[in-house]
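Worth saying up front: this structure is predicted, and the values here are computed from it rather than measured.
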There are 2 protein chains.
Amino acid sequence: MKLTSKGRYAVMALVDLARFDNINPVSLRDISLRQGISLDYLEQIFSKLKKNQIVQSIRGTQGGYILTKKPNDIKLTNIFHAVDETVKTVQCKKESKKGCNGKATKCVTHNLWDELETHINSFFEKKSLEDLLKNNKDQRI
Amino acid sequence: MKLTSKGRYAVMALVDLARFDNINPVSLRDISLRQGISLDYLEQIFSKLKKNQIVQSIRGTQGGYILTKKPNDIKLTNIFHAVDETVKTVQCKKESKKGCNGKATKCVTHNLWDELETHINSFFEKKSLEDLLKNNKDQRI
DNA sequence: ACTATACTTGACCATTTTAGTCAGGTATGT
DNA sequence: ACATACCTGACTAAAATGGTCAAGTATAGT
């Protein structure tokens, strides 16, 4: 199962972006400085966010990134999915197509991880960038 | 975040154990053969399960392991906890005690992982070995 | 046209974790 | 005594993580 700092950085960066993109696009350099995340690493992350139509890029001086949707329409599940933070667990060996570990039948945990994935996604589908913004409105980021 | 095959193996092995410990203790060798899990690896896993009072060991010929509780009283959260499959996510850098990444205030994701952990645990606290046994009663393991 | 800014891409790498293996032990029933 | 089976710790190949580094391309402002 993967849920690491790449996903955390993506969320932090997008919240930062959502707070500052009122007028102008926000550069990764600014986000890097404010959030304390390596610029080179941010570029990797935003490349994926762009491919998944979560952000849009504007090149050149005064360029940067802007959100493609309203913060309320960007759920955390979209963000995690974009940066490959899949809540996908270690699968059974798929040597035979119907069984696990070379057995004829499914193992007892075969469906368990699927249920878990559904359960976790239901958590992240409810949470949007907007929610995180509200929670931190009084705080300085 | 960690949730890997160690936890999956532990669950598979314990379900196997629960099915066969009616009269005699079950040897790891049998579990290893039935479930297709390395014996050496199983020994590591059961060492932890024993430390956490989930199983009891009986040495010598005809020895093996038995459950310390009824399958219905062994929740998956207990099992995962025993084998260090903590649903613990990547923490913020704790350089300063109150802030994240050296900032003065908490980052926006600071409480998010805690909420997630609670959410996942609620899933595993409901599931017991008994539940898994029922779901697979008709199947051959 | 030049230049600084900022996005874009791909290769590379040190460290840590994972998923085991290996080599010895110790206890006990027959 | 001896086979079985638990017990323990050291070791390791491969993968994932969390980045860095280098070399671009596009654009706004002067």
**Message:** Between B:Arg29 and A:Ser38, which residue's closest nucleotide on DNA chain D lies nearer the 5′ terminus?
**Reply:**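 First, find each residue's nearest nucleotide; the 5'-ward one identifies B:Arg29.
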
Using atom [atom1] of [X] as one end and atom [atom2] of [N] as the other, report the distance to the nearest whole Å.
X       : N      : atom1 : atom2 : value
A:Ile45 : D:dG19 : CD1   : P     : 9 Å
B:Gln44 : D:dC11 : CD    : P     : 14 Å
B:Lys48 : D:dC6  : NZ    : P     : 18 Å
A:Leu49 : C:dT9  : CG    : P     : 14 Å
B:Tyr9  : C:dT18 : OH    : P     : 14 Å
A:Lys6  : D:dG19 : NZ    : C1'   : 10 Å
A:Asn24 : D:dT27 : CG    : P     : 18 Å
A:Arg59 : D:dT25 : CZ    : P     : 9 Å

Using only side-chain N and O atoms of [X], determine if any of them is under 4.0 Å from OP1 or OP2 of [N].
X       : N      : result
A:Lys50 : C:dC7  : no
B:Thr4  : C:dT17 : no
B:Tyr65 : D:dC7  : yes
B:Ser57 : D:dC7  : yes
B:Thr61 : D:dA5  : no

**Asked** From D:dC6, C:dC22, C:dC7, pick the nucleotide closest to the side chain of A:Leu28?
**Response**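 My answer, after comparing the listed nucleotides, is C:dC7.
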
**Item:** Base of C:dC7 paired with side chain of A:Glu43 (donor-acceptor, under 3.5 Å)
**Value:**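 In this structure, the two groups form no donor-acceptor pair.
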
**Item:** A:Thr77: partners by side-chain contact (heavy atoms from CB on, under 4.5 Å), with sequence neighbours left out
**Value:**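 Counting only residues at least two positions away or on another chain, A:Thr77 forms a side-chain contact (heavy atoms from CB on, under 4.5 Å) with A:Lys75, A:Asn121, A:Phe124, A:Glu125.
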
**Request:** May I ask you to say what B:Val55 touches in the nucleic acid, namely base, sugar-phosphate or nothing, with a heavy-atom cut-off under 4.0 Å?
**Result:**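 It contacts nothing in the nucleic acid.
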
**Request:** For B:Phe46, answer base if it contacts any base atom (sugar-phosphate contacts may also be present), sugar-phosphate if it contacts only those atoms, and nothing otherwise; contact means non-hydrogen atoms under 4.0 Å.
**Result:**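 It contacts nothing in the nucleic acid.
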
**Prompt:** Is the number of heavy atoms from other residues, nucleotides or ligands within 6.0 Å of NE2 (B:His81) greater than 12?
**Reply:**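 Count not over threshold, so no.
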
**Prompt:** Is the shortest distance from a Lys or Arg side-chain nitrogen in A:Lys70 or A:Glu130 to a carboxylate oxygen in the other one below 4.0 Å?
**Reply:**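 Salt bridge between A:Lys70 and A:Glu130, a charged N being under 4.0 Å from a carboxylate O: no.
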
**Request:** May I ask you to check if B:Arg8 and B:Phe80 form a cation-pi contact, with NZ or CZ under 6.0 angstrom from the six-membered ring centre and within 45° of the axis?
**Result:**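 No, cation not above the ring by the 6.0 Å, 45° rule.
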
**Message:** With a 4.5 Å cut-off on side-chain heavy-atom distances among I, L, V, M, F, W and Y, is there a chain of contacts connecting A:Phe20 to A:Leu42?
**Reply:**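 Same hydrophobic cluster.
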
